[in-house]
Amino acid sequence: MSKSYSLKPKKSDRFSFGLWTIMNVGRDPFGEATRPPINPLDVIVELAKRNVYSFEMHAEDLVPMGSSTRERDRLVREAKKRMKDYRIKCTNCGSNCFSHPVFKDGALTSNDPDVRAFAVQRYIYAIDMGYELGCRLCNLWWGRDGLEVEGSKDAREALKWLRECCNLLTEYVLRNYPDYELSIEAKPNEPRGDIFLPTTGHALGFIATLDHPEKWGVVPELAHVRMAGLNSVHEVAQALDAGKLSGIHLNSQKPLRYDQDIRFGTEDLKESFFVVYLLETSDYRGTKSFDCHPHRTEDRQGAWDFVAGNMRTYLLLKEKVKEYQQDTQIQRILTRIRGAQKCLPAPEEIASAKFDLDKLMASRLPYEKLDQMIIELLLGAR
Ligand code: XLS
Ligand code: MG
């Protein structure tokens, strides 16, 4: 079946993985690690060997918090050497402002201004490190910035703090690395009961209130959207429409559950297909980054099966996008449904227009047929 499909990843596919996805040892809230740890430098090399274009990281994935400057410089040097020798880039360097207990009640929205300042310092540290590694994006996922006890934070105040911190980071970037960009990755909850700015739409609204909205984009994550029971295709579409898609975190998730972070495409094939359709047919030139982790039943080898599987599913769906575009029956239906689209006249003309509701109601929209064709295309029956 895969005869004519080209499923071998190429650098030009611009696939990416978070270092943390492979470094994941299978720990969950109820169980200990099931895999031995792996060194981030080895992850960089192994990803490169599999033709992965780039990696994403938190500064702390490479340099644990509390490391000396000497150790930090050594690790960054080692990473750079491997990146050059094995031809792999770093395309996002954020900061882990969620694991350390100092962030137990938030980082950029802690009630304590010193914790907020410390979090800003950590992001600056990440931006400096990213720049040295040739990266130009700092994506902020502020997982601890939320609450469980509603009265514990004033939500309007928290938004003000987020804005203040984002503006400080922009100021730093503009002064030191004008070509650096920043982005927000939204998530509805987990690890907090509620996280501030729970969806990409919220993040886009917030970005418009910053001092330099043009420096900020968004990184939607499919699983985060589905955790909220929303439509990931529409979320990505809105980011594209706003010209703000800085990156994307591809993965999978059963809706309305805890953060499952499973291999791309496994739980939501049709939605995944339409996300690939959007990415492949738009002017998006960023990375296709996988942010998920191997099941905790896997050992270290299983992690590489997981890496291969993510990319293979994407490439298969990309082939399906081509088939969808070349399927004359599907395209005929699409033209029929959408062909009548035209710009609406002036409001005064609309206000006085006569509409034949019987005629409008009578038109048949063959969505049953269309949907079945899409299903059969995805199942390989067309
Ligand atoms: C967690 C997030 C996280 C970010 C990186 O749910 O997806 O992994 O992508 O900080
Ligand atoms: Mg993510």
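Excluded from the calculations below are hydrogen atoms, water molecules and symmetry mates; all remaining heavy atoms, backbone and side chain alike, are included.
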Would you say that [X] contacts [Y] through its side chain, given a criterion of any heavy-atom pair below 4.5 Å between the two side chains?
X: Leu62; Y: Leu41; result: yes
X: Phe15; Y: Asn310; result: no
X: Ser272; Y: Phe264; result: yes
X: Met311; Y: Asp13; result: no
X: His249; Y: Phe290; result: no
X: Ile337; Y: Leu370; result: yes
X: Val120; Y: Leu108; result: yes
X: Ile38; Y: Val25; result: no

Less than 4.0 angstrom from a charged side-chain N to a carboxylate O is my criterion; do [X] and [Y] meet it?
X: Glu280; Y: Lys288; result: yes
X: Lys153; Y: Glu157; result: no
X: Lys254; Y: Asp268; result: no
X: Asp145; Y: Arg192; result: no
X: Asp327; Y: Arg332; result: no
X: Arg226; Y: Glu267; result: no
X: Arg116; Y: Asp112; result: no

How close do [X] and [Y] get, counting heavy atoms only, and between which atoms?
X: Leu19; Y: Val43; result: CD2-CG1, 3.8 Å
X: Glu60; Y: Ser95; result: OE2-OG, 2.9 Å
X: Ala239; Y: Thr200; result: CB-CG2, 4.3 Å
X: Gly94; Y: Ala126; result: O-CB, 3.2 Å
X: Gly380; Y: Lys320; result: CA-NZ, 3.9 Å
X: Thr209; Y: Gly205; result: CG2-O, 3.7 Å

Just checking, [X] and [Y]: is the charged tip under 6.0 Å from the six-membered ring centre and within 45° of the axis?
X: Arg136; Y: Tyr131; value: yes
X: Arg82; Y: Tyr86; value: no
X: Arg144; Y: Phe103; value: no

Can Lys187 and Asp259 be said to form a salt bridge (Lys or Arg N to Asp or Glu O under 4.0 Å), step by step?
-> CA-CA 10 Å; Lys187 184 175 181 183; Asp259 188 7; 2.7 Å; yes

Please lay out, stage by stage, how Asp371 and Lys270 fare under the test salt bridge (Lys or Arg N to Asp or Glu O under 4.0 Å).
-> CA-CA 10 Å; Asp371 194 45; Lys270 198 159 62 162; 2.7 Å; yes

Could you check whether any side-chain N or O of [X] sits under 3.5 Å from a backbone N or O of [Y], counting only pairs where one atom can act as donor and the other as acceptor?
X: Glu271; Y: Ser232; value: yes
X: Arg35; Y: Asn24; value: yes
X: Ser110; Y: Ala107; value: no
X: Thr34; Y: Arg296; value: yes
X: Arg77; Y: Leu75; value: no
X: Asn251; Y: Ile262; value: no

Give the C-alpha distance, both sets of side-chain angles, the deciding distance and a yes or no for side-chain contact (heavy atoms from CB on, under 4.5 Å) between Phe196 and Leu147.
-> CA-CA 8 Å; Phe196 296 120; Leu147 48 72; 4.1 Å; yes

With clusters defined by side-chain heavy atoms of hydrophobic residues (ILVMFWY) lying less than 4.5 Å apart, directly or transitively, does [Y] cluster with [X]?
X: Leu250; Y: Leu47; result: yes
X: Leu222; Y: Leu197; result: no
X: Leu182; Y: Ile195; result: yes
X: Leu7; Y: Tyr53; result: no
X: Leu137; Y: Ile44; result: no

Before giving the answer on salt bridge (Lys or Arg N to Asp or Glu O under 4.0 Å), spell out for Glu46 and Lys49 the whole-Å C-alpha distance, their side-chain angles and the decisive distance to 0.1 Å.
-> CA-CA 5 Å; Glu46 291 302 319; Lys49 283 187 188 162; 3.3 Å; yes

Any luck finding a side-chain donor-acceptor pair between Ser16 and Thr287 under 3.5 Å?
-> no

Tyr284 pairs by side-chain contact (heavy atoms from CB on, under 4.5 Å) with which of Leu278, Val236, Leu279?
-> Leu279

Steps toward salt bridge (Lys or Arg N to Asp or Glu O under 4.0 Å) verdict (Glu56, Lys89) | CA-CA 9 Å; Glu56 300 194 2; Lys89 295 179 190 299; over 6 Å; no

Ring geometry between Tyr177 and Tyr172 (parallel below 30°, tilted from 30 to 60°, perpendicular above 60°) = perpendicular

Classify the angle between the aromatic ring planes of Phe274 and Tyr324 as parallel (below 30°), tilted (30 to 60°) or perpendicular (above 60°).
-> perpendicular

